[in-house]
**Q** 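Let me give you the structure first, and then I'll get to my questions.
Lettering of chains follows the sequences in order, A, B, ..., and the numbering in each one begins at 1. Here the structure is a predicted model, which is why all the values come from computation and not from measurement.
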Number of protein chains: 2
Amino acid sequence: MQIDPSNTSDLSAQIAKSIRDAIVAGTLPVGERLPSESELAEQFAVSRPTVREALKRLAAQALIRTQRGATGGAFVNRLTYPEAHAQQITTATLLLSMNDVSFVTACEARYALERACAPLAAQRRTDAQLVTMQAEIVRQRDPDLTDEAFCASDITFHRALVDAAHNPVLSYQLAGAVEAMQPLMNMITYPARSRARIVALHRAITAALTARDAAGCDAGLAALAIYTEELADTVFAARAAQDR
Amino acid sequence: MQIDPSNTSDLSAQIAKSIRDAIVAGTLPVGERLPSESELAEQFAVSRPTVREALKRLAAQALIRTQRGATGGAFVNRLTYPEAHAQQITTATLLLSMNDVSFVTACEARYALERACAPLAAQRRTDAQLVTMQAEIVRQRDPDLTDEAFCASDITFHRALVDAAHNPVLSYQLAGAVEAMQPLMNMITYPARSRARIVALHRAITAALTARDAAGCDAGLAALAIYTEELADTVFAARAAQDR
DNA sequence: CCAAGTCATATGTCAGACGTTTAATTGTCT
DNA sequence: AGACAATTAAACGTCTGACATATGACTTGG
């Protein structure tokens with residue numbers, strides 16, 4: 001492994017890229033121990049702090065993990081679903097919050113993705129998912145529930161719906177997207193949301209899933225999407241009136 | 001901004017988390033310049049290399065960008081779609097390659113996601129997307145095309161399909177997933193794939209999109225999904241026979 | 001008033017050192 | 001001989017101080 005010595009700056013980025021490429025290409029398999037920091041420094045002909053900066057970059061992406069001690073070092077990390085999921089959420093959250101993504105765009109994407117797994121969920125849902133969803137519905141009917149708790153329950157409900165598809169890749173993709181969008185959606189729909197209506201739709205979706213009714217599940221999600229957009233319209237109209 | 005001084009290790013991770021939280025919370029808005037490395041070192045009561053490691057972690061996630069020179073420093077970066085997209089691809093690629101994701105699982109997720117945007121694509125596709133898709137079909141009919149080039153063309157085709165939904169959030173989510181899964185799919189379907197059949201399905205999908213026929217588009221994608229699974233069965237059967 | 005040179009600032013990099021963690025090795029005692 | 005305790009070595013985590021380099025701002029001369 002060597003880097004371009006002519007490029008005078010950002011050595012740590014070059015080294016990080018070099019190692020990352022080796023990992024992606026499979027040259028460094030999962031669990032493999034990288035050379036020690038001193039050895040890497042010698043190989044790349046840079047100082048140890050520079051190597052360390054490169055390793056920190058990789059650690060931030062969960063590509064490696066480090067261990068101290070005699071048999072310590074940097075090891076190629078197996079990227080787990082929870083880790084990838086966490087990265088997905090932060091990235092998506094920042095993307096949404098920093099780019100003035102309109103509410104309709106986010107909402108549309110969220111429900112399009114969620115409806116994508118409705119057929120699979122209807123086919124494969126287990127009792128565990130149904131129990132989770134029903135429990136969340138019970139919680140959501142409690143009038144004393146704070147708005148924050150209602151949101152959290154909503155996320156759990158939809159997470160169970162996604163998990164019912166029993167496809168980890170879909171779960172990873174969708175749950176990340178849904179969770180990242182939820183704060184945005186809540187922020188906007190808080191003032192106008194009618195819990196009763198939402199709970200009714202949640203019940204309808206759960207019932208469809210119980211009956212393994214893919215079309216019904218899809219219809220429920222579609223209705224939820226429409227209702228959410230209505231809410232957004234109401235909120236935006238109210239804001240416009242207030243600004244006047 | 002302060003950190004827990006009792007925790008004796010992983011100071012750079014703590015500092016990175018602290019700054020990341022400030023960015024996510026909006027305390028540090030986009031474009032804002034962070035204090036200089038020396039100032040941060042003083043604030044957190046650590047040395048400059050430690051601060052630098054923390055900053056490199058954030059840079060690896062595209063949360064900040066650094067500039068050298070007199071008015072330089074670390075600035076909160078606006079996360080753009082291309083950046084998020086690139087991160088998405090590396091994460092998803094590693095997740096798939098490191099976790100023995102079965103082909104059917106990946107394939108199922110990929111087509112479920114792609115079908116999610118079929119209705120929107122049928123409704124909103126512009127001539128530009130149709131032109132792109134038709135051009136790729138022409139290229140794919142060239143018998144001299146290498147397997148690699150055929151793959152690349154396939155990605156471009158499906159990317160145009162996704163972009164036709166005209167929802168940047170969907171594009172970011174889906175294109176990342178599709179691109180990450182493509183190598184896996186190609187690796188498995190290479191030996192058995194019939195280009196003529198694939199091109200025929202691509203033509204059907206493009207025709208449906210031209211006619212703004214959402215159901216037809218969905219059907220075409222469904223057929224492509226089924227065909228891909230058939231291919232996988234063939235390949236796995238052949239491998240099993242070879243192993244005997 | 002403009003242009004060229006100088007300066008200050010901040011990042012990028014290096015060298016060397018010390019502390020801490022951890023496991024393997026060694027040594028001693030039962 | 002075997003088990004437990006002390007030593008040792010390897011590696012990461014952090015610090016100090018320094019120098020190199022890029023770049024905008026200031027100063028100065030025409």
**Q** Is it true that K56(B) and E53(B) have a side-chain N and a carboxylate O under 4.0 angstrom from each other?
**A**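 Here K56(B) does not pair with E53(B) in a salt bridge, since their nearest N and O are not under 4.0 Å apart.
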**Q** Going by side-chain hydrogen bond (donor to acceptor under 3.5 Å, both in side chains), name the residues that satisfy it together with R78(A), two or more places apart in sequence or in a different chain.
**A**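 Residues passing side-chain hydrogen bond (donor to acceptor under 3.5 Å, both in side chains) with R78(A): none at all.
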**Q** Starting from C1' on dT14(D), measure out to CZ on F44(B) and report it in whole angstrom.
**A**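 Roughly 16 Å, once rounded to whole Å.
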**Q** By nearest atom, which of the nucleotides dT14(D), dA9(D), dA25(D) is closest to the A70(A) side chain?
**A**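 It is dA9(D).
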**Q** Calculate the interatomic distance between E42(A) atom CD and dC14(C) atom C1'; express it in whole Å.
**A**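 For the pair E42(A) CD and dC14(C) C1', the rounded distance is 15 Å.
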**Q** Can you tell me the distance, in whole Å, between the CG atom of L11(B) and the P atom of dT21(C)?
**A**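 Computing the L11(B):CG to dT21(C):P distance gives 12 Å.
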**Q** For the pair made of CZ in F75(B) and C1' in dT23(D), what is the distance, rounded to whole Å?
**A**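 So the CZ-C1' distance, F75(B) to dT23(D), works out to 12 Å.
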**Q** From CZ of R65(B) over to P of dT11(C), roughly how many Å is that when rounded to an integer?
**A**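 Atom-to-atom, R65(B) to dT11(C), this comes out as 13 Å.
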**Q** Separation of L40(B) atom CG from dG12(C) atom C1', in whole Å?
**A**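 Nearest whole value for this atom pair: 16 Å.
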**Q** Should the side chain of R68(B) and the base of dT21(D) be counted as holding a donor-acceptor pair, with the cut-off at 3.5 Å?
**A**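 A donor-acceptor contact between them is present.
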**Q** Assess whether side chain to side chain contact (heavy atoms under 4.5 Å, CB included) is satisfied between D142(B) and F150(B), documenting all intermediate values.
**A** CA-CA 9 Å; D142(B) 178 1; F150(B) 187 88; over 6 Å; no
**Q** Just checking, is any N or O donor in the side chain of Q129(A) or T126(A) under 3.5 Å from an acceptor N or O on the other one?
**A**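 Result is yes, a qualifying pair exists.
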**Q** What is the distance, to the nearest angstrom, from the CD atom on E37(A) to the C1' atom on dA15(C)?
**A**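 About 15 Å, once rounded to whole Å.
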**Q** Between dC14(C), dC12(D), dT13(C), spot the one nearest the side chain of S12(A), thanks.
**A**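 Within the option list, the nearest is dT13(C).
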**Q** If every non-hydrogen atom of I15(B) is compared with every non-hydrogen atom of F44(B), which pair is closest and at what distance?
**A**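 Heavy atoms only, the tightest pair is CG2-CE1, 3.7 Å.
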**Q** Specify the separation, in whole Å, of atom CD of Q67(A) and atom C1' of dA24(C).
**A**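 Result: 15 Å.
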**Q** Going by heavy atoms closer than 4.0 Å, what residues in residues 47-64 of chain A are next to DNA chain D?
**A**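 Heavy-atom cutoff 4.0 Å gives R48(A), R52(A), K56(A).
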**Q** If we ignore hydrogens and angles and just use 3.5 Å, is the side chain of N99(B) paired with the main-chain N or O of L79(A) as donor and acceptor?
**A**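 At least one qualifying donor-acceptor pair exists.
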**Q** Check whether any side-chain nitrogen or oxygen of T66(A) sits under 4.0 Å from OP1 or OP2 of dG13(D), and answer yes or no.
**A**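 It does, given that an N or O in the side chain of T66(A) lies less than 4.0 Å from OP1 or OP2 of dG13(D).
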**Q** Show the nearest heavy-atom pair for residues Q87(B) and T91(A), with the distance to one decimal.
**A**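 Heavy atoms of Q87(B) and T91(A) come nearest at NE2-OG1, 4.1 Å.
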